[in-house]
Amino acid sequence: SAKEKGRNNYHFFDPSLDKHLQQRRQHLTELAQALRNDEFQLYYQPQIQLDDSSVIGAEALVRWQHPDKGLLAPGQFLPYIEGSHLEERFGQWVLRHALAQQAQWTAAGLTLGISINISAAHLLAPGFSRFLKRYLKEHPDLNPAMITLEILESTALDDMQRASQVINECRELGIQIALDDFGTGFSSLSYFRSLPVDVIKIDKSFIFRMLEDDSDRAIVESVIYMARRFNRTVLAEGVETARHGGVLKSLECDQIQGFGIARPMPAGELNDWVRQWQSEHSLLPVSTFVQR
Ligand code: C2E
Ligand code: MG
Ligand code: MG
Ligand code: MG
């Protein structure tokens with residue numbers, strides 16, 4: 001056919017592009033197989049409330065247990081999934097597994113929220129909120145208030161109207177929305193007004209640099225101020241040291257997450273980690289606070 005002929009010409013005239021496409025196709029075949037073989041795994045990184053050090057929840061971060069290459073980080077395979085026909089199926093896998101994990105924690109007496117990263121095409125795919133609505137109905141043990149969907153600023157901005165609509169549908173179900181990597185895109189202060197999100201996650205690049213760089217420190221301060229002013233919760237990611245934590249506490253940041261608290265870990269390790277953390281950060285009895 002003419003189409004086939006066109007494709008062949010295309011290949012013939014641009015051998016480098018051809019190689020690139022072949023590689024991409026190869027990766028996608030492998031990734032589709034990985035989905036079928038259940039080779040993906042969710043790791044969980046704790047999130048902490050700064051004022052009382054309580055563990056509020058954990059963010060699900062995907063890993064690929066590759067049969068030959070070992071454990072792969074998302075940066076090594078997500079770029080192939082995003083924009084491909086696998087994106088939605090992959091996103092559904094993550095969503096189902098993370099929600100099932102949260103239900104398991106609840107059943108084990110562990111009150112932990114779950115934060116789930118949602119890609120642009122997945123969020124904007126038809127039926128996204130409908131799926132969540134049905135899932136919550138089928139799993140009445142799940143508390144939607146303990147579920148946070150993390151979306152990137154760029155996702156929201158690509159199609160602001162559609163994104164806002166889906167965000168609102170999710171929030172009507174009682175689910176929280178977090179704006180991830182805040183500050184890295186073309187974020188402007190007006191998005192505080194126009195995007196109906198619950199949580200602002202300050203990108204880790206600002207946190208990394210804020211101790212040495214006054215401009216970064218000013219950005220962090222401003223985002224925290226604006227979040228408070230617009231009644232949003234603000235979480236700082238990339239908290240690697242106690243000094244970072246101390247500065248963020250003095251700035252009255254609400255929540256923190258980072259290697260300084262814990263690295264992402266397999267689900268099986270989280271239970272013990274939380275109990276250990278709680279025993280080391282046990283609060284004064286409530287009455288002590290009331291008396292003061
Ligand atoms: P993100 O959602 O912004 O997640 C935070 C990333 O920073 C994670 O990398 C985490 O391991 C890392 N991190 C956390 N604390 C620190 C710290 O103190 N220092 C440093 N240097 N890094 C820290 P990871 O797991 O490699 O994930 C990278 C990105 O991949 C995520 O960024 C997210 O955008 C994406 N991602 C991960 N899992 C999923 C998923 O299940 N679905 C989708 N759509 N995207 C995912
Ligand atoms: Mg995230
Ligand atoms: Mg982030
Ligand atoms: Mg990121």
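As the structure is a computational prediction, the values presented were derived from the model and not from experiment. Counting convention: from 1, in listed order, for ligands and their atoms alike.
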Is [X] in contact with ligand 1, taking contact as a heavy-atom separation below 4.0 Å?
X      : answer
Gly75  : no
Glu59  : yes
Phe208 : yes
Gln45  : yes
His122 : no

Is the Mg ion (ligand 3) under 2.8 Å from any N, O or S atom of Glu237?
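Short answer: yes, at least one N, O or S atom is under the cut-off.
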Under 2.8 Å: N/O/S of Asp203 next to the Mg ion (ligand 3)
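Looking at Asp203, which is the residue asked about, there is no N, O or S atom under 2.8 Å from the Mg ion (ligand 3).
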What about Val199 and Tyr44, same hydrophobic cluster or not, with Ile/Leu/Val/Met/Phe/Trp/Tyr joined at side-chain heavy-atom distances under 4.5 Å?
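Hydrophobic grouping puts Val199 apart from Tyr44.
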Using the rule that two of Ile, Leu, Val, Met, Phe, Trp, Tyr join whenever any of their side-chain heavy atoms come within less than 4.5 Å, decide whether Leu61 and Ile118 are in one cluster.
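No, it is not one cluster - the side chains of Leu61 and Ile118 are not joined through contacts under 4.5 Å.
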Could you check which of [options] puts a non-hydrogen atom nearest to [atom]?
atom                    : options                       : result
atom 21 (N) of ligand 1 : Glu240, Glu82, Lys201, Glu237 : Glu240
atom 3 (O) of ligand 1  : Leu42, Leu72, Asp181          : Asp181
atom 34 (O) of ligand 1 : Asn117, Thr241, Ile118        : Asn117

When the ring centroid of Phe128 is compared with that of His122, is the distance short of 6.0 Å?
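Judged by ring-centre distance (under 6.0 Å), Phe128 and His122 do meet the cut-off.
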N/O/S atom name from Asp180 that is nearest to the position of the Mg ion (ligand 2):
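Within Asp180, restricted to N, O or S, the Mg ion (ligand 2) is closest to atom OD2.
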Do NZ/NE/NH1/NH2 and the carboxylate oxygens of [X] and [Y] come within less than 4.0 Å?
X      : Y      : answer
Lys249 : Asp51  : no
Glu59  : Lys201 : yes
Asp254 : Arg228 : yes

Looking only at side chains, do His244 and Thr241 share a donor and an acceptor under 3.5 Å apart?
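Yes.
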Examine Ser115 and say whether one of its N/O/S atoms is closer to the Mg ion (ligand 2) than 2.8 Å.
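Short answer: no, not a single N, O or S atom is under the cut-off.
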May I ask you to check if any N/O/S atom from Glu150 comes under 2.8 Å of the Mg ion (ligand 2)?
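Yes, within the cut-off.
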Just give me the atom name: the N, O or S atom of Asp181 closest to the Mg ion (ligand 3).
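Closest N, O or S atom of Asp181 to the Mg ion (ligand 3): OD1.
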Residue Lys204 vicinity, atoms of ligand 1 by number, heavy atom under 4.0 Å
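Counting atoms of ligand 1 from 1, those under 4.0 Å from Lys204 are 6 (C), 7 (O), 22 (N), 23 (C).
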Less than 4.5 Å apart, side chain to side chain, heavy atoms only: is that true for Gln257 and Leu235?
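Yes - at least one pair of side-chain heavy atoms lies under 4.5 Å apart.
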Does Ile56 offer a backbone N or O that forms a donor-acceptor pair with the side chain of Ser54 under 3.5 Å?
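The answer is no, because no donor-acceptor pair under 3.5 Å joins these two groups.
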Parallel, tilted or perpendicular: which describes the rings of Tyr135 and Phe131, with under 30° parallel and over 60° perpendicular?
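Taking Phe131 first and then Tyr135, their aromatic rings sit tilted (interplane angle of 30° to 60°).
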